[in-house]
Number of protein chains: 2
Amino acid sequence: MSHPLDQLTADEINRAVKLIKSRYSGKLLHFKNVETEEPPKALLVPYLEAEKAGRPIAPPPRIAYNIYYVLDDKKAEEAWIDLGTNTIIKTAVIPKPHHPPMDMIECMEMEKELFKSAEVLEAFKACGIEGDALNTISTDGWMYGADEEGAVARQMMFLIYSRNPKTNHVESNIYAFPIPFVPIFDLLEKKLIRIDWVATGGDNDDLDGFNYNTRTAGRNVLDQCAAHDYHPDLVPSLRTDLKAYNVIQPDGPSFTVEGNLVKWQKWRFRVGFTPREGMVLHDIDYDGRHTFYRLAMSEMAVPYGDPRPPLHRKMAFDFGDVGGGKCANQLNLGCDCLGVIKYFDGNLVTPSGDVDARKSVICMHEQDDGILWKHTNYRTEEPAVVRRRILVIQTILTVANYEYIFAWHLDQAANIQLEIRATGIVSTQAIDFGKRSKFGTVVSPGVLATSHQHIFNLRIDPAIDGYKNSISVQETEIIPWNHLNPRGTGFVNNKYYLEQAGYLDAKIENNRYLKIVNENKINPISGNPVGYKLSAAATALLMAPPGTVARSRAAFATHHFWVSKYKDSELYAGGIWTNQSFKEFCGVQNAVDRKEPVRNEDVVLWHSFGLTHHPRVEDFPVMPAEMLKISLHPNDFFVGNPALDVPPSTQQFNRSVEVMQTRSCHRM
Amino acid sequence: MSHPLDQLTADEINRAVKLIKSRYSGKLLHFKNVETEEPPKALLVPYLEAEKAGRPIAPPPRIAYNIYYVLDDKKAEEAWIDLGTNTIIKTAVIPKPHHPPMDMIECMEMEKELFKSAEVLEAFKACGIEGDALNTISTDGWMYGADEEGAVARQMMFLIYSRNPKTNHVESNIYAFPIPFVPIFDLLEKKLIRIDWVATGGDNDDLDGFNYNTRTAGRNVLDQCAAHDYHPDLVPSLRTDLKAYNVIQPDGPSFTVEGNLVKWQKWRFRVGFTPREGMVLHDIDYDGRHTFYRLAMSEMAVPYGDPRPPLHRKMAFDFGDVGGGKCANQLNLGCDCLGVIKYFDGNLVTPSGDVDARKSVICMHEQDDGILWKHTNYRTEEPAVVRRRILVIQTILTVANYEYIFAWHLDQAANIQLEIRATGIVSTQAIDFGKRSKFGTVVSPGVLATSHQHIFNLRIDPAIDGYKNSISVQETEIIPWNHLNPRGTGFVNNKYYLEQAGYLDAKIENNRYLKIVNENKINPISGNPVGYKLSAAATALLMAPPGTVARSRAAFATHHFWVSKYKDSELYAGGIWTNQSFKEFCGVQNAVDRKEPVRNEDVVLWHSFGLTHHPRVEDFPVMPAEMLKISLHPNDFFVGNPALDVPPSTQQFNRSVEVMQTRSCHRM
C-alpha cells in the first residue's frame with residue numbers, strides 16, 4: 001500500500017488518465033501533471049503521528065491532482081481524482097489570464113512548425129541561412145515572459161542557435177552560434193504570431209541590428225562565430241594526470257531505506273518527488289523529535305538584464321513555468337555521485353497521458369566532509385576529533401541551457417544544509433563581431449552572455465518539536481556606554497518575535513538572523529525556547545525596480561524572508577501559475593497579505609536568495625559550478641552538542657595513507 | 001640548499017640562537033620567534049622568475065628574523081641575522097608601549113606562581129576551594145587585552161577553571177567548571193598584580209557577584225556546576241551505526257611535491273609556514289601564469305561582548321598575540337584528513353632557544369567535491385559531467401579553548417577557496433545557578449558562554465599575470481527606464497577602479513564585489529582586463545563602537561575590504577605588535593593612510609570578515625564546526641572554462657556502487 005507521501009504509482013497514473021480521457025472522450029488532450037495531491041495537514045499529521053507510534057490508522061483519501069489541456073476546446077483544466085473510489089471529485093477550468101506550464105515536448109513539436117513557416121524561412125535567409133544550411137539549426141523553446149498586465153494568448157518564443165555549421169556535430173555547443181531573431185508562436189493555435197529581431201549592437205549602438213535583415217544581405221551571420229565546445233568528444237585533449245579516487249564502504253551505507261522512508265544517523269525522513277518542485281523532504285525527525293514538516297525549493301526566477309526587446313522578456317520561472325521534477329536528470333552511477341549510492345525514481349506523465357517513468361531522478365549517498373568537531377587539550381596534547389559524515393540527497397535539473405544541482409546535506413550534529421550549484425551553459429545572444437555590451441560579456445566571437453539573476457526561494461515548513469512555532473528575529477546590538485559597560489565593548493543579541501505575517505530582509509551590519517522556535521518548549525539549560533537557526537544567504541535581490549511587470553510577477557524575489565501562516569496547498573512563492581504571469585497569484589506576497597498572526601502558530605518561513613550573474617569568459621562553453629549554501633542549525637534544541645556520541649576519527653576506521661616519498665617534479 | 005621561501009632548518013635556527021646567546025652571554029633569554037625573513041619582493045621576484053625559466057640565479061641573502069626577551073634586562077628585542085655570513089646585521093629594542101606575543105609555556109610557568117600566591121589561595125578559599133580541592137584547578141592564561149591608551153606593564157590574566165572535581169579526570173572539560181576570579185600577573189616581574197572578581201549576576205542583577213567572595217562564604221562555587229564532557233572516554237556511549245568510509249587512491253595522489261614546491265592539476269605553488277601566520281601559500285601559478293604572490297591569514301580579533309570588568313578585556317588577537325604557527329596542531333594520520341595525505345612539518349623555537357620541531361603542522365590531500373560542471377543536451381539526452389577534485393591544504397590551530405581549521409581548496413577550474421571552520425570549546429565564565437544573562441547563553445549549569453566575534457583578515461597579495469594590478473569595484477545597477485529600456489528590466493554591471501589606497505565595505509543590495517585585474521593585459525574574447533574575482537564573506541564587522549580602545553586596536557575589523565600599496569614586511573592587518581595594543585601599529589589602517597596610488601601598482605587586498613557568535617547550547621561541551629568560505633575565481637583570466645579538459649566522470653574511473661536492495665528499517 002502506498003504511503004500518503006508516495007508519488008503516484010504507474011497504475012494510479014493510468015487510472016487517473018483513463019478517467020480524464022473518458023470525461024473528454026474523443027477529444028485531444030495534452031497532459032501536464034498527474035501527481036499525488038498532498039493530504040491536508042489536518043489529516044496527514046494524525047496519520048504520521050499514529051504511524052510513528054506504531055498504532056497505524058487509515059490513511060487520508062488518496063487524491064490524484066491533474067493539469068491538462070483539452071486541446072480541441074483550447075482550455076486548460078485541473079482535476080482532482082479520488083483514487084480510492086476512482087472518481088473525479090472536482091474539476092476547475094484554469095481561467096484567464098493564467099497559463100499552465102510549458103513543456104519541452106510541445107516546444108520541440110512547435111519547432112517543426114517553425115521550419116514550415118515561410119516568414120521564418122525568410123528570416124533565416126536574411127541571415128544568410130537557407131537550404132542545407134538550415135540543417136544545423138537548433139532552437140530553445142522559451143517561455144514568453146510578460147510585457148504588461150492583462151490576459152494574452154498562450155505563447156512561446158524561440159531562441160535560435162545552430163550546431164557547429166562546419167560539422168553539424170550533434171553534441172556541438174549551439175550557444176556559440178546565436179541567430180538574431182525570435183519567432184513567437186501561439187501554442188494553442190500552433191501558428192506564428194510574429195518574428196522579433198534582436199539588437200546586436202554594442203555600447204555605442206545598442207539598438208543597432210534591430211532590423212538585422214536589412215544589413216546582412218546574404219552574408220551568413222554565423223560566419224562571425226567560432227566553435228566553442230564542452231563535450232569531451234570535441235575537446236582537443238584531456239588531462240592525463242588526474243589519478244583515480246574511489247570511495248569504498250566495505251560494510252555498505254549507514255542508511256536504511258524502506259520505500260521513501262530513510263533512516264540515517266538518528267535522522268528519519270521521507271523523500272518525495274513532485275513534477276513542479278522535484279525533490280521534497282517530508283516529516284523530518286531527529287532522534288525521535290520533529291524538526292521540519294516539509295522542505296522544498298519553491299520557485300526560482302531568472303530575469304535577464306538586457307532590456308532590448310524582445311530579449312527583455314527572458315524571465316524564466318523554472319519551477320512554475322516548466323517544473324523542477326519535469327526537468328530532473330536521470331542520474332548515472334559513477335557520474336553524478338561517488339561512493340555507495342541509493343537512487344530514487346520519479347513517475348511523471350507524458351503529454352499523451354502515458355506514464356513517464358524516470359529512473360534515478362534523486363541520488364542519495366554518504367560523504368565525508370572533513371572535521372565536524374575537534375578539540376586538543378593543550379596541556380595533555382590529547383586531541384579529540386570527529387569527522388563530519390553527511391548524507392547527500394541530490395537532484396539535478398536541466399532547463400534547456402542551464403543546469404541546477406540541488407543537494408540536501410544532513411549531518412550528525414542535526415544540521416540541515418541546502419547546497420545549490422549552478423552550472424550548464426549561459427544563455428547567449430548574437431552581438432556584432434568586435435563589439436562589447438554593458439548588458440553582458442562577450443564569451444565567444446559574436447556571442448554575448450547576458451547578465452542575469454537566479455533568485456531562488458526555499459520554502460521551510462517547520463515543526464520544531466511540534467507544529468506551533470514562532471519566528472524570532474535576532475540582531476546583535478551594542479549597549480549604552482555606562483557603568484555596566486565602562487569600556488564601551490558590550491554587545492548583546494537582541495531578540496523579538498514576529499507577531500503578524502510579513503517580510504524582512506537580511507541585514508549584515510547587525511548580524512540579523514532568524515530563529516524558528518517553539519515557545520511552548522523551553523530548553524532546560526539555557527531557558528530559551530527550543531529552535532532552529534536559519535543561516536541564510538544574504539545576497540542581492542531582484543533588480544527590476546518597482547513599477548515593472550517583472551517585479552510584480554516575482555514579488556517573492558524582492559525580500560529575503562517571508563513569514564506566513566500555513567495554508568494547505570500554498571507551496572509556491574511565485575504563485576500557482578507563473579507562465580506569462582504579470583502578478584503573483586496565490587504566491588507568498590498573497591500569503592503574507594492575509595496579515596494572519598504567526599506567533600505560536602503553524603508558521604511557514606520562505607527564504608529568497610540568489611546569484612546575480614555577470615558572466616565570466618570562464619563560464620563558457622560550460623560554466624564551472626557556482627555554489628550557494630543555506631543552513632538550518634539546531635539552536636538550543638538539544639541540551640548539548642548532539643554529535644558528542646559520534647565515534648572519534650581513527651586511522652583504524654579511516655585507513656588513510658601517508659605520502660612518504662616526495663616525488664621529483666617535472667621541470668616547470 | 002634551502003629555497004628562499006623555505007622555513008629555517010634546524011641548523012639555521014641553532015646558528016641564529018647561538019649568535020644571539022653569545023650577544024647576551026650569561027643572561028637569561030626567552031625566545032619567541034626565530035624564522036625566515038622573507039626576502040624583499042624586489043629581490044625575490046627575479047629569483048623566482050629565473051628559477052621558473054630554468055636559468056637559476058643566486059638566491060637573495062638568507063636572513064633569520066628573531067624576537068626574544070632579555071629577561072635580566074626586562075627588554076624585548078628583534079634581531080636580523082645574515083645566515084650566509086653568520087652575523088647579526090641589525091637589532092632593535094622593542095620600545096614602549098609594544099609587547100611581543102605571549103606563549104603557552106610562559107603561561108604555564110606563571111601558573112606555578114599562581115599557586116604560590118597567598119592572595120590567590122585566599123580567593124580560592126573564598127570560593128570554597130582549598131587543600132586537596134585545589135588539585136583539580138586548571139587555568140587558561142590569557143592576553144590581558146587593553147583598557148585604555150598608554151604604556152603598561154607586560155601583563156597576563158588567568159581564567160580559572162577546574163577539572164571535574166569528582167573525578168579530576170585529566171581530559172574532563174574544564175570549561176564546565178568556571179571560577180569567578182581573574183588573577184592578573186606581571187609577566188616580567190613574575191608576580192601577582194591583583195585579583196579581579198567576576199560578576200556572576202544575571203539580567204536582573206548584572207553586577208552582582210562582583211565581590212563574590214563576600215557571598216559564597218565557604219560554599220564551593222563549583223557545586224552548582226555539572227560535568228559536561230566531550231572526550232570519547234567520558235561520553236557514556238557512542239553511536240554504533242556509522243559504517244566505514246574509505247578513500248582509496250590506487251595510483252597514488254595526483255600531486256607531486258619537491259621540498260615546499262607543489263604541483264597539481266596545472267597549479268604550481270609553494271607551501272610556507274611561519275610562527276605568526278602558520279600556513280602561507282607563495283608564488284601561485286596556474287598553467288604557467290601568475291595568479292597570486294602570497295596568500296595568508298593575516299589576523300583575527302576575538303572580542304567578547306560581556307562588558308563587565310575584568311572580562312571586557314577578553315579580546316584575543318590570535319595571530320598577533322600568540323601565533324597561528326605556534327598554535328598549529330601536529331596532525332595525525334587518519335584523524336584530520338582522509339585519503340592519501342602529504343604532511344609538511346614546521347620548525348619553531350622553544351623559549352630556551354632549542355629547535356621546536358613540529359611534525360605534520362600542515363596536511364595536504366585530494367578530495368572529491370561533487371560536480372564541477374555538467375550539461376545535458378536535452379535533445380540527445382547526452383550528459384557531459386566532470387567531477388570537482390580539490391586539493392586541500394589544511395592547518396588546525398588550538399588557541400586554548402578554541403580550534404580553528406584553515407584550509408585552502410584549489411580546484412581544476414583555477415578557483416582558490418579558503419574554508420574556515422571554527423570548533424573547539426567556547427570560552428565560559430561563571431554565572432549564578434538559575435540566572436540568565438543577555439551577554440551570553442547558559443550552556444551548562446552555572447556556566448555562561450559569552451557572545452563574541454571572530455573577525456578574520458585574509459591578506460591577498462595578487463600577481464594577476466604580473467605584479468601591476470588594479471582593484472575594480474563591480475556593482476549591479478538598474479538603468480533609466482527609457483527607449484533603450486522600455487519595460488524597466490535593464491541592469492548592468494557598473495565598474496570603477498580604486499585609484500588611491502583606502503577601504504570599502506560589502507554591499508549586498510547592489511551585489512558589490514571586487515575584481516583584481518591586470519589592466520595591461522586584455523582578455524582577447526571579452527575585451528576586459530584579465531582578473532580574479534573575490535567572492536567575499538559579507539558578514540557583520542566589529543561591534544565595538546567608535547571611541548572604544550577595542551575598535552582602535554582592531555581598525556582592520558571595521559571594514560570588509562582594504563586596498564594598500566605593497567610594502568615589504570607589511571603583513572599584519574592588526575599591526576605588528578597586537579599584544580596589549582591600544583592602537584594598530586603598522587597595520588592595514590596605517591598602510592592605507594599613506595594614501596598611495598593603487599591603480600596599476602603592486603597592490604594588496606585585505607579582506608576582513610567573521611563570525612558573530614551568540615553561543616547555542618549545542619556549542620557545548622564542544623562546538624560543531626561553524627564554517628565560512630571565501631573564494632577567488634578567475635574572471636576573464638582565461639579564454640574559456642579552464643576545466644574543459646578534465647576527463648569526464650565515468651563509472652569506470654569512479655567505481656561507485658549502487659544500493660540495490662532496500663533494507664528493512666527498524667521500527668521507529
Side-chain angles (χ1 to χ4, degrees), chain A residues 231-232 238-239 243 246 248 251 254 256-258 305 307 312 334-335 340 342 373-376 384-385 398 403 413 423-424 436 438 442 485 487-493 511 525-527 540 543 548 550 612 614 616-617 622 624 635-636 645 647-649 651 654-657 659 662-663 665, chain B residues 231-232 238-239 243 246 248 251 254 256-258 305 307 312 334-335 340 342 373-376 384-385 398 403 413 423-424 436 438 442 485 487-493 511 525-527 540 543 548 550 612 614 616-617 622 624 635-636 645 647-649 651 654-657 659 662-663 665:
Chain A
H231 193 280
L238 299 176
R239 299 181 191 203
K243 302 289 171 62
N246 305 133
I248 308 293
D251 305 322
S254 313
T256 62
V257 183
E258 192 175 16
H312 74 288
C335 304
V340 179
K342 162 69 187 172
W373 60 259
K374 180 174 187 180
H375 182 60
T376 299
V385 56
T398 296
E403 257 76 13
T423 175
R436 300 172 60 193
K438 55 188 152 301
V442 174
N485 181 25
R487 301 294 176 179
T489 54
F491 59 86
V492 299
N493 196 20
N511 192 49
I525 303 290
S526 68
M543 286 295 150
T548 58
T612 296
H614 302 290
R616 309 174 297 156
V617 174
V622 68
N635 192 322
D636 294 8
D645 62 347
S649 177
Q651 170 62 358
N654 293 321
R655 300 184 181 282
S656 289
V657 174
V659 180
T662 60
R663 295 195 270 162
C665 293
Chain B
H231 193 280
L238 299 176
R239 299 181 191 202
K243 303 288 171 61
N246 305 132
I248 308 293
D251 306 322
S254 312
T256 62
V257 183
E258 193 174 16
H312 74 288
C335 302
V340 179
K342 162 70 187 172
W373 61 258
K374 181 174 187 180
H375 182 59
T376 299
V385 56
T398 296
E403 258 75 13
T423 176
R436 301 172 60 195
K438 54 187 152 303
V442 174
N485 181 26
R487 301 292 176 179
T489 54
F491 60 86
V492 298
N493 196 20
N511 192 49
I525 303 290
S526 69
M543 286 295 150
T548 57
T612 296
H614 302 291
R616 309 174 296 157
V617 174
V622 68
N635 192 323
D636 293 9
D645 63 345
S649 177
Q651 170 62 359
N654 293 322
R655 300 182 182 282
S656 289
V657 174
V659 179
T662 60
R663 296 195 269 163
C665 294

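Naming: A, B, ... by sequence-line order, numbering from 1 per chain.
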Shorter than 4.5 Å, heavy atoms on both sides: which option in [options] has the most such pairs with chain A?
| options | answer |
| --- | --- |
| B/Ala384, B/Gly424, B/Pro648, B/Ser526 | B/Ser526 |
| B/Gly488, B/Pro624, B/Pro232, B/Ala413 | B/Pro624 |
| B/His312, B/Lys438, B/His231, B/Arg616 | B/Arg616 |

At a 4.5 Å cut-off on heavy atoms, which part of [X] comes close to chain A: side chain, backbone, both, or neither?
| X | answer |
| --- | --- |
| B/Arg487 | both |
| B/Thr489 | both |
| B/Val385 | side chain |

Quiz item: What part of A/Arg436 is in contact with chain B, defined as an atom under 4.5 angstrom from a non-hydrogen atom: side chain, backbone, both or neither?
Solution: side chain

Self-check item: Per-residue contact mode, A/Thr398 against chain B (heavy atom under 4.5 angstrom)
Solution: side chain

Closest approach of [X] and [Y], non-hydrogen atoms and distance?
| X | Y | answer |
| --- | --- | --- |
| B/Arg239 | A/Pro647 | O-CG, 3.4 Å |
| A/Asp636 | B/Val617 | OD1-N, 2.8 Å |
| A/Lys374 | B/Val622 | O-CG2, 4.1 Å |

Quiz item: Is there a side-chain contact between B/Cys335 and A/Gln651, using heavy atoms and a 4.5 Å cut-off?
Solution: no

Exercise. List the steps and the verdict of side chain to side chain contact (heavy atoms under 4.5 Å, CB included) for B/Lys243 and A/Val340.
Key: CA-CA 11 Å; B/Lys243 303 288 171 61; A/Val340 179; over 6 Å; no

Self-check item: Whether B/Asn246 side chain and A/Asn654 backbone form a donor-acceptor pair below 3.5 Å
Solution: yes

Quiz item: Is a donor on one side and an acceptor on the other found under 3.5 Å between the side chain of A/Glu403 and the backbone of B/Thr376?
Solution: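 Answer holds: yes.
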
